[in-house]
Asker: 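Got a structure for you, written out below as structure tokens; questions coming shortly.
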Protein chains: 2
Amino acid sequence: MSKNASVRRAPRMADVAAMAGVSGMTVSRVLRDPTCVTPETLQRIEQAIEATGYVANRVAGSLASRRTNIVGLIVPSLRNSLFVETIQGVSDVLGTSHPLMIADSGYSLAGEEAAIRAFLGQRVCAVVLHNTTHTDRSRVMLREAGIPCVETGNLTRQPIDMVASFSNRKAARAMTAYLIARGHRRIGFASLPTDDNDRAEERRAGYQAALSRARMPVDPALTIEVAAGLAGGAEALTYFLSLTPAVDAVFLSGDVLATGAVLEAKRRRIAIPKRLAIVGTDDSDLQERISPAVTTLRFPRYDIGRRAASMLLTRLDGRPVDPASVDLGFEIVERATA
Amino acid sequence: MSKNASVRRAPRMADVAAMAGVSGMTVSRVLRDPTCVTPETLQRIEQAIEATGYVANRVAGSLASRRTNIVGLIVPSLRNSLFVETIQGVSDVLGTSHPLMIADSGYSLAGEEAAIRAFLGQRVCAVVLHNTTHTDRSRVMLREAGIPCVETGNLTRQPIDMVASFSNRKAARAMTAYLIARGHRRIGFASLPTDDNDRAEERRAGYQAALSRARMPVDPALTIEVAAGLAGGAEALTYFLSLTPAVDAVFLSGDVLATGAVLEAKRRRIAIPKRLAIVGTDDSDLQERISPAVTTLRFPRYDIGRRAASMLLTRLDGRPVDPASVDLGFEIVERATA
DNA sequence: TTGAAAGCGATACCAG
DNA sequence: CTGGTATCGCTTTCAA
């Protein structure tokens, strides 16, 4: 009943071994493969583990084996539900065998580099990155570390190692072509600032590619960058409506921007999609709840997370990953605004 | 120009020390306190670190010091934006000095226990939990580990260690009182199943407490549990409308449920809030975007994360945390549905 | 301010 | 199938 007054330190493998009457090595083996000993020995060891409340020390194990099973993941922001989808996918596949360490870069390349450095200090066994643009140092550190790495934010042609994503360019091009096919001739494009943001940049390129292919002029006045948030979307809409001649469609890169534009258009009592079509990207359930429901691009972010994780596990398992670049595609979700 | 053909292993502290002409110990010290050596020595060491591309091995460091700086965090789900707010708060305060390991329990106590076990194996230095109900084993493991722990999902009276949260009970009671004050007399309450979900249970208790205080009957038929999702909200509404006498207000625990109820009420062309008031919890920007905008409870989830992290850091720093229970409060956001 | 020696608690490797 | 021994790359401790 009385607690031992001395501070009881955490049980070590040797304690378990002693109690079970075997060597530490045997305990160590059993922990990784319970079938490698006689059932009787196994039982004694399991009892000892139970009795002592032993929890294997992965820190010591990692040092000895020179390898952890921690996977590091870096997203621009944790708050954004887009990234969270991917995180959940990664987490679901990794399960409990590979702890997940997560950091956010705060949308900056320097932030990403700092996170990578911290992860390498922890000797993570693999890394998942959302960004596909990085500082030189980040690339060097990752290469020197020699650990598997999957990028997920864009189907980049020059991955550090592997990539599981979709093509932002193709998606934007398809969406623009969709608008063109429906008869729109003056299409505005708004995104967040493209500095350090390869995704926005690629989408703009896709938008322009679609115009070119349709032999339509690429008017610089129709491509703008706005601040994030609903206000940014409203701002974009206001700008496009002020142009002469007027635009007949607007493509906003990002779900919040698109929502902001739709709300602003409603406020101004502009007929959607009759007078003005509005489309966005990053479909979320929000898009179908607002009225009119927004036509958007849908990206398989959860599956990208799953795929990224399984590519890593394959490589950690010593098997080659082929192809090292996986395109999970995208989808246009037609709704009421275009 | 030619790369060394042999596989170059990662540089160790000894390599840096040799290059700088000092002992390993000096390098070790400098890494933690650059001011503890002569400026000249410091410079030589920094150059050596730069030249070798040395990244300190925290695995070895942790084993030697018997302590990591990894913080473990467990949420019911990563997908839910509610939890993500708290995660971001924790992450922002921990910064890059304390890597964050994140796991999801999948809303189950067993899942939480598995995650705790995994974290303890990694020898995390502290834990943040969302749940405030746990398996006995979870409690025992945490107690034995002797590491600081903050619970964040509910202002429980019996925390494992510390708690930074709000009172689900008080919040639900205040919201119910709000409805009563506005003249509603037959108020329905719907939540997700309360098994293993102390938050939902506390809210139901708060709802009942408000009724009792107003000397209103607590009709068991007015308290139901529904499945998650928009459909669950619609289901709840349908049920309440089928009752005789009819309800004049509905309180839904959870933002998605409330949204589902509002959409269903609109579909049925029920006058809100005239014939029926609808209120929810967990305010998100979604609530003000749908029409009519939903009156809800707002919880300071981001601040809870920040506070939880700073409580942990204080304790890790050897300083006492007082009070160990922090109530961050809540707020009723009055909008159009009540 | 600096260094030498002794662990930290596992695993790798080789014997038996 | 089982055990002994030498690391793994740091920090702690103590001495100079």
Side-chain angles (χ1 to χ4, degrees), chain A residues 7-46 48-49 52-70 99 118 120-125 145 318, chain B residues 7-46 48-49 52-70 118 120-125 145:
Chain A
V7 179
R8 201 175 48 217
R9 56 157 182 56
R12 295 163 310 174
M13 194 174 270
D15 300 326
V16 174
M19 181 175 290
V22 295
S23 79
M25 266 321 297
T26 303
V27 176
S28 176
R29 287 197 190 93
V30 163
L31 255 25
R32 278 168 299 175
D33 176 16
T35 68
C36 73
V37 294
T38 64
E40 187 198 300
T41 308
L42 174 61
Q43 198 192 343
R44 287 214 314 283
I45 292 176
E46 284 179 335
I49 289 177
T52 54
Y54 174 68
V55 179
N57 186 333
R58 292 295 314 151
V59 176
S62 295
L63 178 60
S65 64
R66 303 157 174 263
R67 145 182 67 76
T68 70
N69 45 3
I70 302 171
L120 293 181
Q122 301 291 339
R123 295 297 189 267
V124 296
C125 64
Chain B
V7 179
R8 201 175 49 217
R9 55 158 184 56
R12 294 162 310 174
M13 195 176 270
D15 301 325
V16 174
M19 181 175 289
V22 296
S23 78
M25 264 324 295
T26 304
V27 176
S28 175
R29 287 195 188 96
V30 163
L31 256 25
R32 277 167 301 176
D33 177 16
T35 67
C36 75
V37 294
T38 64
E40 187 199 301
T41 309
L42 174 59
Q43 200 192 341
R44 287 214 316 281
I45 293 176
E46 283 179 337
I49 289 176
T52 53
Y54 174 68
V55 179
N57 186 333
R58 292 295 314 151
V59 176
S62 295
L63 178 59
S65 65
R66 302 152 170 274
R67 143 182 69 76
T68 70
N69 46 2
I70 302 171
L120 260 23
Q122 301 291 340
R123 295 299 189 265
V124 296
C125 64

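In what follows, every chain begins at residue 1, and chains take the letters A, B, ... in the order their sequences are listed.
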Asker: Please give, in whole Å, the distance from D:dT7 P to B:Arg9 CZ?
Answerer: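 The distance from CZ of B:Arg9 to P of D:dT7 comes to 14 Å, rounded to the nearest Å.
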Asker: For B:Leu63 and C:dG9, give me the distance from atom CG to atom C1', rounded to whole Å.
Answerer: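 Taking atom C1' of C:dG9 as the reference, CG of B:Leu63 is at 6 Å.
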Asker: Quick check on C:dT2: is either OP1 or OP2 less than 4.0 Å from any side-chain nitrogen or oxygen of B:Thr26?
Answerer: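 Checking B:Thr26 against C:dT2: no side-chain N or O falls below 4.0 Å of OP1 or OP2.
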Asker: Quick one: are B:Asp15 and B:Arg9 in side-chain contact, heavy atoms under 4.5 Å?
Answerer: yes
Asker: Would one find a side-chain N or O of B:Thr41 under 4.0 angstrom from OP1 or OP2 of C:dT2?
Answerer: yes
Asker: Please confirm whether the shortest side-chain N or O distance from A:Arg32 to OP1 or OP2 of C:dA12 is below 4.0 Å.
Answerer: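 Answer yes for this pair, as a side-chain N or O of A:Arg32 is under 4.0 Å from OP1 or OP2.
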Asker: Do side-chain atoms of A:Arg123 reach the backbone of A:Leu120 as a donor and acceptor pair under 3.5 angstrom?
Answerer: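 A pair under 3.5 Å: yes.
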Asker: Go through the N and O atoms of the side chain of B:Arg66 and the base of C:dG7, and report whether any donor-acceptor pair is under 3.5 Å.
Answerer: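 For B:Arg66, whose side chain was compared with the base of C:dG7, there is no donor-acceptor pair (under 3.5 Å).
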Asker: Nearest-nucleotide wise, let me know which of B:Ala60 and B:Cys36 is further upstream toward the 5' end of DNA chain C.
Answerer: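 Counting from the 5' end, the first nearest nucleotide belongs to B:Cys36.
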Asker: Which nucleotide in the set D:dG3, C:dT11, C:dG3 lies at the smallest distance from any side-chain heavy atom of A:Ala64?
Answerer: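 Between D:dG3, C:dT11, C:dG3, the one nearest the side chain of A:Ala64 would be C:dT11.
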Asker: Would you confirm whether A:Ser28, through its side chain, and A:Gly24, through its main-chain N or O, come within 3.5 Å as a donor-acceptor pair?
Answerer: no
Asker: How many whole angstroms separate atom OH of A:Tyr54 from atom C1' of C:dG9?
Answerer: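 About 8 Å, once rounded to whole Å.
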Asker: With heavy atoms under 4.0 Å as the rule, sort B:Ser62 into base, sugar-phosphate or nothing.
Answerer: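 If one applies the 4.0 Å heavy-atom cut-off, B:Ser62 turns out to touch nothing in the nucleic acid.
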Asker: Heavy atoms under 4.0 Å, any strand shown: does A:Val22 hit a base, just sugar-phosphate, or nothing?
Answerer: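 Here A:Val22 touches the backbone only, sparing every base.
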Asker: Between D:dG9, C:dT1, D:dT11, which one does the side chain of B:Met13 approach most closely?
Answerer: D:dT11
Asker: Take the protein atom CD of B:Gln122 and the nucleotide atom P of C:dC8, then report the distance between them rounded to whole Å.
Answerer: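 In whole Å, C:dC8 P lies 21 Å from B:Gln122 CD.
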Asker: Rounding to an integer number of Å, can you tell me how far B:Arg12 CZ sits from D:dC10 P?
Answerer: 8 Å
Asker: Report yes or no: does A:Arg44 contribute a side-chain atom to a donor-acceptor pair with the main-chain N or O of A:Ala20 at less than 3.5 Å?
Answerer: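 Checked: pair present.
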Asker: For C:dA10 and A:Ser28 - does any side-chain N or O of the residue sit under 4.0 Å from the phosphate oxygens OP1/OP2?
Answerer: no
Asker: Would you kindly give the CG-to-P distance between A:Asp33 and D:dT2, to the nearest whole Å?
Answerer: 12 Å
Asker: Can you tell me if the side-chain N/O atoms of B:Ser65 get under 4.0 Å from OP1 or OP2 in C:dG7?
Answerer: no
Asker: Using modelled atom types only, decide if a donor and an acceptor are shared between the side chain of A:Thr52 and the backbone of A:Ala48 within a distance under 3.5 Å.
Answerer: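 Yes, because the side chain of A:Thr52 sits within donor-acceptor range (under 3.5 Å) of the backbone of A:Ala48.
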Asker: Would you indicate whether the side-chain heavy atoms of B:Arg58 and B:Asn69 approach each other to under 4.5 Å?
Answerer: yes
Asker: Nearest whole angstrom, please: distance from the P of D:dC10 to the CZ of B:Arg58.
Answerer: 10 Å
Asker: Nearest of D:dC14, C:dA12, D:dT11 to any side-chain atom of B:Arg29?
Answerer: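 For the B:Arg29 side chain, the nearest candidate turns out to be D:dC14.
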Asker: Using atom CE of B:Met25 as one end and atom C1' of C:dG3 as the other, report the distance to the nearest whole Å.
Answerer: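 After rounding, the reported distance stands at 8 Å.
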Asker: With heavy atoms under 4.0 Å as the rule, sort A:Arg123 into base, sugar-phosphate or nothing.
Answerer: nothing
